[in-house]
Amino acid sequence: MKYLGIDYGTKKVGFAFSDDEGKVAFPDEVIPNTGDLIKQTQQKIQERKVDEVVVGKSQTLQQKDNPVMKEIKIFVKNLKSKTDASIHFEPEFYTTVQARRTRSNTTHLDASAAALILQSFLDRRGKEK
């Protein structure tokens with residue numbers, strides 16, 4: 001099963017993909033958040049034959065939505081109308097901070113954060129099986 005992880009930001013969006021077995025997440029790329037984000041995401045889903053999408057859920061430590069969550073929910077709603085892939089939310093506490101600690105090059109920081117979000121989901125799902 002193939003997964004796509006997304007770290008949604010108002011300016012940039014990071015993407016990560018799992019291996020074919022859905023066990024390990026790998027950073028892919030960062031793209032600007034422009035008007036064709038849904039189309040680009042849909043293309044990635046089709047090209048990589050993605051079964052499920054995992055989007056970072058941006059909340060405070062008190063589990064209240066951060067301001068960007070409103071945009072994330074709109075993005076997910078629009079994406080659901082364009083794909084048959086299942087879409088899940090995964091908490092993204094401090095993923096960008098974690099990614100910054102492990103990368104000296106910050107160009108692909110959001111892709112690394114997407115990989116951390118996706119890996120968290122995969123690890124949790126693996127434990128549930």
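A quick note: this is a predicted structure, and the numbers were derived from the prediction, not measured.
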Q: Give a yes or no on whether Leu79 and Val76 share a hydrophobic cluster (residues Ile, Leu, Val, Met, Phe, Trp, Tyr; joining criterion: side-chain heavy atoms under 4.5 Å apart).
A: yes

Q: Treating Ile, Leu, Val, Met, Phe, Trp and Tyr as nodes and any side-chain heavy-atom pair under 4.5 angstrom as an edge, say whether Leu37 and Ile87 lie in one connected cluster.
A: yes

Q: For residues Lys2 and Arg48, report the shortest heavy-atom separation together with the two atoms involved.
A: CG-O, 3.6 Å

Q | side chain to side chain contact (heavy atoms under 4.5 Å, CB included) assessment of Asp110 paired with Val13 | A | CA-CA 6 Å; Asp110 296 299; Val13 178; over 6 Å; no

Q | Closest non-hydrogen atom pair, Gly22 against Ser18 | A | CA-OG, 3.7 Å

Q: Begin from the C-alpha positions of Val53 and Thr83 and carry the test side chain to side chain contact (heavy atoms under 4.5 Å, CB included) through to its verdict.
A: CA-CA 10 Å; Val53 178; Thr83 182; 5.6 Å; no

Q | Pairs flagged by salt bridge (Lys or Arg N to Asp or Glu O under 4.0 Å) wherever residues 63-73 is involved - sequence neighbours left out | A | Asp65-Lys73

(Q) Is the shortest side-chain heavy-atom distance between Leu118 and Phe26 below 4.5 Å? (A) no

Q. Would you say His88 and Val55 make side-chain contact, with heavy atoms under 4.5 Å?
A. no

Q. Quick one: do Tyr3 and Phe89 end up in the same hydrophobic cluster if we chain Ile, Leu, Val, Met, Phe, Trp and Tyr together by side-chain heavy atoms under 4.5 Å apart?
A. no

(Q) If hydrophobic clusters are built by linking Ile, Leu, Val, Met, Phe, Trp and Tyr wherever their side-chain heavy atoms come under 4.5 Å apart, do Val68 and Phe15 end up in the same one? (A) yes

Q: Consider only side-chain heavy atoms of I, L, V, M, F, W and Y, link residues closer than 4.5 Å, and tell whether Phe75 and Ile45 are in one cluster.
A: yes

Q. Closest approach of Ala111 and Glu29, non-hydrogen atoms and distance?
A. CB-O, 3.7 Å

Q: Check for a donor-acceptor pair, side chain of Asp28 on one end and backbone N or O of Phe17 on the other, with a separation under 3.5 Å.
A: no

Q. Does a side-chain heavy-atom distance below 4.5 Å link Met69 with Ile72?
A. yes

Q | Non-neighbouring partners of Gln63 that pass side chain to side chain contact (heavy atoms under 4.5 Å, CB included), sequence neighbours left out | A | Gln59

